[in-house]
Chemist: 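What follows is a single structure, and I will ask about it in a moment.
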Amino acid sequence: FQVGRVESLKEYELSVGALRDWLQDLMEDEKEDKDVRHNADVLDRFLIRSVLPHKKRYLACLCKGRRTLEYRSNSALEGK
């Protein structure tokens with residue numbers, strides 16, 4: 001991992017894997033409070049359904065070459 005730089009796709013996959021592993025550990029740990037296990041489950045499902053499928057919109061390494069991040073302008077001169 002490079003401090004102060006854009007995360008590569010490989011680094012992103014490692015980060016997502018580590019996050020999901022941590023959430024799974026929380027969900028499966030019987031010593032954890034029931035609310036903590038429930039919240040970990042809700043967060044994991046939210047990530048799977050609502051965040052991870054849209055990585056092309058927020059992952060900077062996949063946005064290389066784009067001049068803007070889906071920015072729209074009314075004038076041809078504003079867009080330059």
Chemist: Drop me the distance from Asp44's CG to Arg49's CZ, to the nearest 0.5 angstrom.
Modeler: 10.0 Å
Chemist: Once you round to the nearest 0.5 Å, how far does CG of Asp41 lie from CD of Glu28?
Modeler: 10.5 Å
Chemist: I need the Asn39 CG to Asp33 CG distance, nearest 0.5 Å.
Modeler: 9.0 Å
Chemist: For Arg37, is there an ion pair with Asp29 - N to carboxylate O distance below 4.0 angstrom?
Modeler: no
Chemist: How long is the straight-line distance from CG of Leu14 back to CG of Leu9, given to the nearest 0.5 Å?
Modeler: 10.0 Å
Chemist: Are the side chains of Arg45 and Val42 in touch, meaning some heavy atoms are under 4.5 Å apart?
Modeler: yes
Chemist: Any side-chain heavy atom of Arg20 sitting closer than 4.5 Å to one from Ile48?
Modeler: yes
Chemist: Any idea which heavy atoms bring Leu23 and Ala40 closest together, and the distance?
Modeler: O-CB, 3.9 Å
Chemist: How close do Leu59 and Tyr12 get, heavy atom to heavy atom, and via which atoms?
Modeler: CD1-CD1, 3.5 Å
